[in-house]
Amino acid sequence: MMELKTEPVVINMGPQHPSTHGVFRMRVTFDGEVIVDMEPVFGYLHRGIEKLAEERTYTQVIPLTDRLDYVASMTNNHAYVLAVERLAGITVPERAEYLRVIMDEMMRISSHLLAVGFLLNDMGAFFTPLMYMFREREKLLDLFEMVCGQRLTYNYMRIGGLSHDIPPEFLPALNRFVQEMPHFIDEYDQLLAENEILLARTKGVGVLSRELAINASASGPVLRASGVSWDIRKADPYSVYDRFKFQVPIGTAGDIYDRYWVRIQEMRHSVRILEQAIKGLPSGEVMAKVPPLLRPPQGEAYAHIESPRGELGFYVVSDNSIAPYRLHIRAPTFINLTTLRDLVIGWKLADAVAVFGSIDIVLGEVDR
Amino acid sequence: MNGWDWIHWLIFVVVILGFALSMIIVFIWTERKVIGRFQLRRGPNRVGPMGVLQAFADFIKVLTKEDIVPAKADRWVHLLAPIVAFVPALLVLAVVPFRDGSILADLNIGILYVVAIGALGVVGIFMAGWGSNNKYSLISAMRTAAQVVSYEVPVVLSIVGVILITGSLSMVTIVHEQQVPFILLQPLGFLIFFLGTTAEINRSPFDLLEAESEIVAGFHIEYSGMKFALFYLGEYAHAVAASAVITTLFLSGWKGPVLPPVLWFLIKVGFVFWLFLWMRSTLPRLRVDQLMGFAWKFLLPLALFNVFLTGAEVLLWEEKMASWGNFPWPFLFLNLALAGGLIVLWSKFFRLGGGRVEV
Amino acid sequence: MRFKRYGAGIAKGMALTLKHLWRRPITVEYPEERLIPSKRFRGYELVWYPERCTACATCAKACPQGNIEIVTSRGEGDMYKVEKFEVDTGRCMFDGLCVESCPFNALAMGQSYERSSYCRGQVVLSKEELTISEERQPSGYARPEIEALQPEQTLLIYRTGGVR
Amino acid sequence: MTTALSGQEVSRQIGERFPDAVLQSDEAAVVLRGESLLEVAQFLKATPGLEFDYLTSISGVDYLDYLEVVYHLTSMKNNHSLVLKVRCWDRDKPSLPSVVSLWRGADLQEREAYDLVGIAFSGHPNLKRILLWEGFEGHPLRRDYL
């Protein structure tokens with residue numbers, strides 16, 4: 001038998017690569033098609049938002065938070081204003097809280113649609129699921145545009161409430177969406193849930209064990225797919241989430257399929273929350289009395305919400321000036337990437353892409 | 001060899017070239033349009049009515065691009081690869097009958113020729129992958145080589161069923177023998193041949209060599225300008241050739257009522273291509289080990305079963321053929337049932353690919 | 001992984017895509033067909049009303065990017081005269097904070113969305129380029145009186161024909 | 001509802017095991033001595049009734065006099081949380097023990113704190129810059145960095 005001289009190949013996947021969802025880079029060592037080592041490289045989209053925030057007033061930081069997780073930017077607004085409200089001791093009018101919940105859940109649906117769509121795209125389904133999901137997402141973006149005038153960077157929430165009340169056309173359109181959406185989710189299930197190729201590609205691949213998930217501070221669908229029932233909407237209810245009935249879908253295996261499944265189920269429950277929130281929406285003001293130049297008392301506050309990607313936390317330190325002394329962002333996907341190496345080692349190139357897609361990162365949030 | 005032969009060949013070379021190139025353009029347009037409609041889009045509609053001239057616009061764009069050869073590429077291999085990949089697809093069409101008698105060369109081993117030439121394109125792809133001096137394209141080249149070699153086996157075995165029934169290797173005779181399309185008499189053979197060909201011409205869900213989300217563009221990642229266009233055309237030329245071969249073998253070629261034979265042929269080719277598009281727009285891609293597993297563990301055993309069963313059937317019906325009007329009608333239903341039963345049965349034993357590798 | 005369903009899942013998916021083949025496309029033919037944006041659309045450019053502006057520079061202070069440059073001089077009486085009112089729309093995030101902060105309603109977001117230009121100098125807008133004109137119409141963002149006059153937004157949810 | 005544990009209450013419990021680990025404590029937070037961080041963290045993670053199995057967030061803050069690292073701990077089992085702080089007075093060579101051995105989730109966050117605030121975590125398996133590039137001068141999130 002002739003001895004073949006072989007050596008592992010190092011491939012830089014990214015920063016320009018179709019499936020890195022932005023400018024992420026994986027330095028991967030391959031033995032044939034099998035991954036033997038992987039090192040994530042961050043920072044290609046680092047804009048120093050935490051530093052920028054230190055020289056802007058509390059209100060001026062809100063547009064910056066839009067640029068974090070640009071697929072679900074309204075949740076970033078929410079987490080940030082929640083932290084500042086906690087710091088300054090501001091109570092938000094009830095109508096504003098309801099509208100925040102409505103926006104958050106719409107955001108969750110639109111973000112999960114994109115996450116699942118791109119996951120399928122990464123696995124080679126030639127754009128079809130993505131296109132079907134974009135159809136629903138566009139409808140949601142229309143509604144966001146109606147409320148705040150933008151489709152992607154909303155800058156809608158304000159410290160103490162919201163910048164605008166919803167226009168009268170909003171609720172009928174949202175109602176229609178809520179009625180239609182379950183049907184479309186069923187269609188996605190029909191297209192994908194039992195597809196043998198999808199099952200073969202995702203079941204048992206990239207398994208994140210329950211223990212490791214908790215130990216590595218994973219959050220959001222990644223954590224719940226591993227079988228941990230931890231949703232901040234339930235565990236530490238913010239806004240008015242304690243008034244709604246909904247379930248937190250839990251996976252069992254912690255593989256790619258469960259992450260996909262959890263996201264699809266979460267959309268169903270988000271629709272349910274939307275239904276209840278529309279029904280219970282009170283009338284009244286949407287903005288509390290807040291001075292235009294807010295000077296919160298000296299101190300610090302940490303507020304976290306369940307963003308579509310996991311626990312999004314803002315840690316704000318105030319020194320009683322008009323700008324935050326320090327703003328730290330606990331970005332869910334950044335921390336979810338901790339275990340990326342463990343998930344892909346030993347799998348094939350194609351699996352690495354799928355695992356990466358199932359974590360559903362947004363580079364704006366990872367690199368800040 | 002007389003003068004008429006030369007004229008015949010000259011005409012048919014021109015006809016085949018024209019047919020192939022025009023079909024490629026039609027296919028490019030159809031693919032974009034049909035997949036667009038599958039995805040609730042409109043597809044190209046800017047250049048010409050309904051975007052029919054889109055392919056020409058792309059062609060002009062590609063022609064005016066800079067021709068790049070990577071600094072450390074194997075220059076000659078890099079340059080020759082697109083031609084080597086493109087030409088075999090045209091060669092295959094030489095033995096495909098467009099209608100009775102319309103054929104460049106009615107080889108008596110026509111189907112063997114198709115099998116032999118059809119697999120040559122992979123050499124071009126491998127040359128491209130190797131010569132580009134790019135890691136992605138190298139991975140792609142290795143994948144293709146493995147894929148085509150593996151899928152060639154079940155594909156050839158599934159043809160054997162057809163050959164057993166017709167008793168001839170000539171494409172024209174095969175069409176003549178099809179009183180009903182062989183897709184009905186050989187459902188399993190058709191399925192294996194269709195899936196195997198999909199893999200051989202590298203279309204989704206077996207398009208591992210291009211796998212945009214994994215290895216970016218695979219073997220043609222370093223190609224630009226006319227060389228890229230040749231690959232692009234070559235991909236569609238292979239699709240045209242594969243559709244034509246499937247039409248001839250399993251869909252009774254030019255045969256059909258009312259309409260002229262050439263039109264029937266084109267309709268059937270278009271339908272087969274539409275099947276490719278339907279699969280492409282629905283299915284995710286297989287992983288490389290699952291792809292190999294599918295060929296060796298699923299298609300190959302079924303193809304062997306198919307050869308065995310068809311052989312037995314041919315022996316059985318040999319004497320009674322005359323009383324059935326020269327066609328084994330009862331076996332239509334038997335084969336359909338057998339195919340379903342075999343697929344279900346074999347699915348029970350079949351495992352797709354390996355899992356994690358300890359490193 | 002076993003093929004448990006013998007391809008039934010694949011068949012279901014294929015049936016769904018086949019169903020979609022006969023559905024109406026949902027895309028919009030952009031240059032020919034233009035959807036009406038939201039009444040509160042935060043479009044390109046700002047609309048500036050010089051007659052209402054008192055040059056208090058509240059908008060400049062509200063801008064997170066420091067995009068708005070205001071230079072004033074002594075005008076007649078108590079009024080300031082605006083010498084320079086310049087917005088670098090190339091750095092603008094279109095967050096609308098300037099419009100919200102203006103105490104005299106002298107600023108509004110623009111309505112247009114087709115304002116690409118060939119050089120960076122063209123995106124810095126001086127005060128003449130910011131006033132209201134035929135192609136520069138204000139939008140209703142934070143300006144309820146303008147919002148009431150705007151046309152109804154086209155919503156895709158009513159266009160795509162619902163579930164079918 | 002996640003209950004925020006009182007810092008004083010927890011510091012009393014810590015004090016029983018490690019008498020001089022706690023520097024100061026109030027309702028909101030416990031401030032620890034840097035040297036004792038690792039063993040106290042071990043204690044907090046393992047002790048029944050506390051069981052902080054989930055490290056939510058690590059933030060580095062520069063207070064000019066000292067650098068502070070804030071650990072937000074959560075217990076998924078008991079659904080309560082705690083804010084743990086460690087201070088570091090040496091601005092030139094700030095060093096703290098790393099908690100990666102207890103919580104894997106600290107891996108990237110400690111690297112981030114090292115990168116942006118400049119706190120070296122001893123015992124971290126792979127402590128290098130993460131968001132900025134190798135060879136970057138200074139630590140941008142310090143207050144004296146302009």
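Below, chain A is the first sequence line, B the second, and so on; all start at residue 1.
- A distance of 5.0 Å separates OH of B:Y136 from CE of A:M13, quoted to the nearest 0.5 Å.
- Taking CZ of B:R41 as the start and CZ of A:R135 as the end, the distance is 14.0 Å to the nearest 0.5 Å.
- A donor-acceptor pair under 3.5 Å links the side-chain atoms of B:K135 to the main chain of A:V10, judged by distance alone.
- Few gaps surround OH on A:Y44; more than 12 heavy atoms of other groups in view lie less than 6.0 Å from it.
- Only the side chain of A:N195 comes within less than 4.5 Å of a heavy atom in chain B; its backbone stays farther off.
- Heavy atoms closer than 4.5 Å to chain B are found nowhere in A:V207, neither backbone nor side chain.
- A:L191 touches chain B through its side chain: at least one heavy atom from C-beta onward sits under 4.5 Å away, while N, CA, C and O do not.
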Original post:
Taking it one step at a time, do A:I11 and B:I139 satisfy side-chain contact (heavy atoms from CB on, under 4.5 Å)?
Top reply: CA-CA 11 Å; A:I11 293 185; B:I139 291 180; 3.6 Å; yes
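- Within residues 276-285 of chain B, the residues having any heavy atom less than 4.5 Å from a heavy atom of chain A are, in residue-number order, B:R280, B:S281, B:T282, B:L283, B:P284, B:R285.
- Of all the heavy atoms in A:Y132 and B:F38, the pair that sits closest is OH-O, 2.6 Å.
- With a 4.5 angstrom heavy-atom cutoff, B:I35 touches chain A only via side-chain atoms.
- A salt bridge does not link B:R287 to A:E33: none of the charged nitrogens lies less than 4.0 Å from a carboxylate oxygen.
- Under the side chain to side chain donor-acceptor pair (under 3.5 Å) criterion, B:D74 pairs with no residue, sequence neighbours left out.
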Original post:
side-chain contact (heavy atoms from CB on, under 4.5 Å) between B:Q39 and A:F134: does it pass, once the steps are laid out?
Top reply: CA-CA 10 Å; B:Q39 297 173 347; A:F134 256 112; over 6 Å; no
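- More than 12 heavy atoms of other residues, nucleotides or ligands sit less than 6.0 Å from atom CH2 of A:W261.
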Original post:
Hey, mind stepping through B:V288 and A:K348 against side-chain contact (heavy atoms from CB on, under 4.5 Å) and telling me if it holds?
Top reply: CA-CA 8 Å; B:V288 63; A:K348 308 260 183 328; 4.2 Å; yes
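- Looking at A:F127, both its backbone and its side chain come within 4.5 Å of chain B, counting heavy atoms on both sides.
- Put simply, CG on A:L198 and CG on B:L286 are 11.0 Å apart, with the number rounded to the nearest 0.5 Å.
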